[in-house]
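Data first, discussion second: the structure below is written as structure tokens.
These numbers were taken from a predicted model, which means no experiment stands behind them.
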Amino acid sequence: MAVCEFSMIRNFKIQNFLVSRARLAMVILAFFCGTSLAKPTDRAKQITTPNLIEESSRISIMSEDSVQNEQDSSRRIYGFTFNTVSTQRISLFANGRLTEYINTQNRSALGAQLGVLPIKFYGYMGLLGTLQYANLAQESSQSRTVLHWTSADLALAYRYEMSARSWIKPIVTLGGGSQIFMQKGELSDDNTSEARGYGTYGLGAAFNVNRLFKSKSILQMELIAHYKRIVSPTNERYDLNGQTLSAGLGIAL
């Protein structure tokens with residue numbers, strides 16, 4: 001009888017020991033499971049944060065592109081050029097005599113351009129104005145005269161430009177203008193002035209300098225070149241038919 005009681009007590013202690021160990025194992029397992037479940041959340045936060053930064057950066061870039069597109073809704077062109085002018089014949093009558101300027105081929109001149117191109121259609125379309133100045137000297141037995149030769153014209157212009165970062169941007173023009181001749185002489189009676197109208201058409205191109213320096217500035221520096229043909233009625237004193245070659249530096253906004 002005593003042996004049975006001792007056996008029962010020993011089994012009871014062993015059972016209590018196993019139960020306590022099982023409870024301890026469950027607590028430890030619950031602790032590690034809780035830690036492992038918490039870690040992915042922290043990692044998710046770590047992964048989500050860079051994505052939010054990248055998303056905000058992408059949105060800011062898209063907004064900058066939209067601003068750029070709004071600014072590209074029109075074009076304004078400014079340019080300064082060195083020109084070579086050729087024409088056939090210029091003669092002015094003053095002080096009872098006719099002065100003919102014969103050195104009118106390949107004369108050097110200074111020029112300026114101003115364009116406003118508000119219409120966007122596979123590029124930009126609008127108006128382009130040009131101003132040009134040259135002078136000629138003429139010696140005669142009576143006196144010496146100088147011809148101040150100024151031309152101004154306004155033309156419809158189309159500038160093919162698919163992107164602001166295009167390397168080359170061709171341009172075509174069609175218009176007309178006026179040439180003003182002012183003769184100044186040693187004698188006041190030799191002073192006179194006249195004006196003649198003409199038509200013009202031309203073809204040119206702008207080379208994007210910003211691409212060379214990988215610049216993303218809204219202000220676009222350009223090398224410009226332009227050929228312009230002059231068409232005008234002729235008479236015994238004037239034959240302005242000729243051409244103008246221009247090359248210089250421009251800015252497009």
Side-chain angles (χ1 to χ4, degrees), residues 74-92 100-137 146-161 168-184 192-207 220-253:
S74 65
R75 270 283 180 264
R76 296 183 300 278
I77 301 172
Y78 308 90
F80 297 95
T81 59
F82 295 96
N83 305 342
T84 299
V85 185
S86 296
T87 191
Q88 301 300 319
R89 182 174 63 254
I90 301 174
S91 301
L92 275 78
E100 183 176 0
Y101 295 87
I102 57 176
N103 299 320
T104 58
Q105 295 294 320
N106 299 321
R107 297 295 303 179
S108 298
L110 295 177
Q113 293 184 355
L114 173 60
V116 179
L117 313 177
I119 303 173
K120 192 171 183 179
F121 180 74
Y122 294 102
Y124 297 91
M125 184 183 301
L127 296 175
L128 178 66
T130 60
L131 185 65
Q132 179 177 269
Y133 171 79
N135 61 67
L136 303 172
V146 176
L147 178 68
H148 299 278
W149 179 5
T150 304
S151 64
D153 59 62
L154 186 65
L156 292 173
Y158 174 71
R159 173 176 161 127
Y160 180 76
E161 182 178 338
I168 299 177
K169 303 165 187 179
I171 186 170
V172 293
T173 58
L174 177 65
S178 177
Q179 295 191 13
I180 302 173
F181 306 102
M182 298 181 63
Q183 178 177 278
K184 298 295 182 180
T192 186
S193 62
E194 294 185 18
R196 290 289 183 272
Y198 62 90
T200 178
Y201 60 89
L203 176 65
F207 180 77
Q220 297 183 31
M221 300 295 294
E222 299 176 339
L223 295 175
I224 54 179
H226 196 259
Y227 168 81
K228 182 168 61 178
R229 185 69 184 176
I230 305 297
V231 181
S232 176
T234 62
N235 56 36
E236 65 279 0
R237 291 174 53 196
Y238 287 97
D239 186 355
L240 303 180
N241 292 283
Q243 62 188 14
T244 300
L245 299 175
S246 305
L249 182 64
I251 299 173
L253 297 174

Could you work out, with side chain to side chain contact (heavy atoms under 4.5 Å, CB included) as the rule, every residue matching Leu203, not counting sequence neighbours? Val172
Compare all side-chain heavy atoms of Thr200 with those of Thr130 and state whether any distance is below 4.5 angstrom. no
The criterion is side chain to side chain contact (heavy atoms under 4.5 Å, CB included); which residues satisfy it with Ala155, sequence neighbours excluded? Thr173
With sequence neighbours left out, which residue pairs that include part of residues 226-245 fulfil the salt bridge (Lys or Arg N to Asp or Glu O under 4.0 Å) condition? Asp153-Lys228, Glu194-Arg237
Check this for me: Met125, atom CE, are more than 12 non-hydrogen atoms of other residues, nucleotides or ligands nearer than 6.0 Å? yes
Holding to ring pair (Phe, Tyr, Trp, His ring centres under 6.0 Å), I want the full list of residues that pass it with Tyr238, two or more places apart in sequence or in another chain. Phe181
With sequence neighbours excluded, tell me which residues meet side-chain hydrogen bond (donor to acceptor under 3.5 Å, both in side chains) with Gln132. Asn83, Ser151
I need the minimum non-hydrogen distance between Ala205 and Ile168, along with the two atoms involved. CB-CG2, 4.1 Å
Taking NZ, NE, NH1 and NH2 as the nitrogens, is one of them in Glu222 or Arg75 under 4.0 Å from a carboxylate oxygen of the other? no
Which residues satisfy the side-chain hydrogen bond (donor to acceptor under 3.5 Å, both in side chains) test with Gln179, sequence neighbours excluded? Trp149
Partner residues of Phe207 under the ring pair (Phe, Tyr, Trp, His ring centres under 6.0 Å) criterion, sequence neighbours left out: Trp167
For Leu110, all residues meeting side chain to side chain contact (heavy atoms under 4.5 Å, CB included), sequence neighbours excluded: Phe82
Between NE2 on residue His226 and CD1 on residue Ile171, distance to nearest 0.5 Å: 6.0 Å
Residue of the set Thr81, Ile224, Val85 for which side chain to side chain contact (heavy atoms under 4.5 Å, CB included) holds with Ser246: Thr81
If I compare all heavy atoms of Thr244 with all of Ile230, which pair ends up nearest, and what's the gap? OG1-CG1, 4.5 Å
Give the intermediate values and the outcome of side chain to side chain donor-acceptor pair (under 3.5 Å) for residues Asn241 and Ser232. CA-CA 6 Å; Asn241 292 283; Ser232 176; 5.6 Å; no
Just to verify, what does Tyr227 make a side-chain hydrogen bond (donor to acceptor under 3.5 Å, both in side chains) with, not counting sequence neighbours? Gln243
Side chain to side chain contact (heavy atoms under 4.5 Å, CB included) with Leu131: which residues, sequence neighbours excluded? Thr150, Ala152
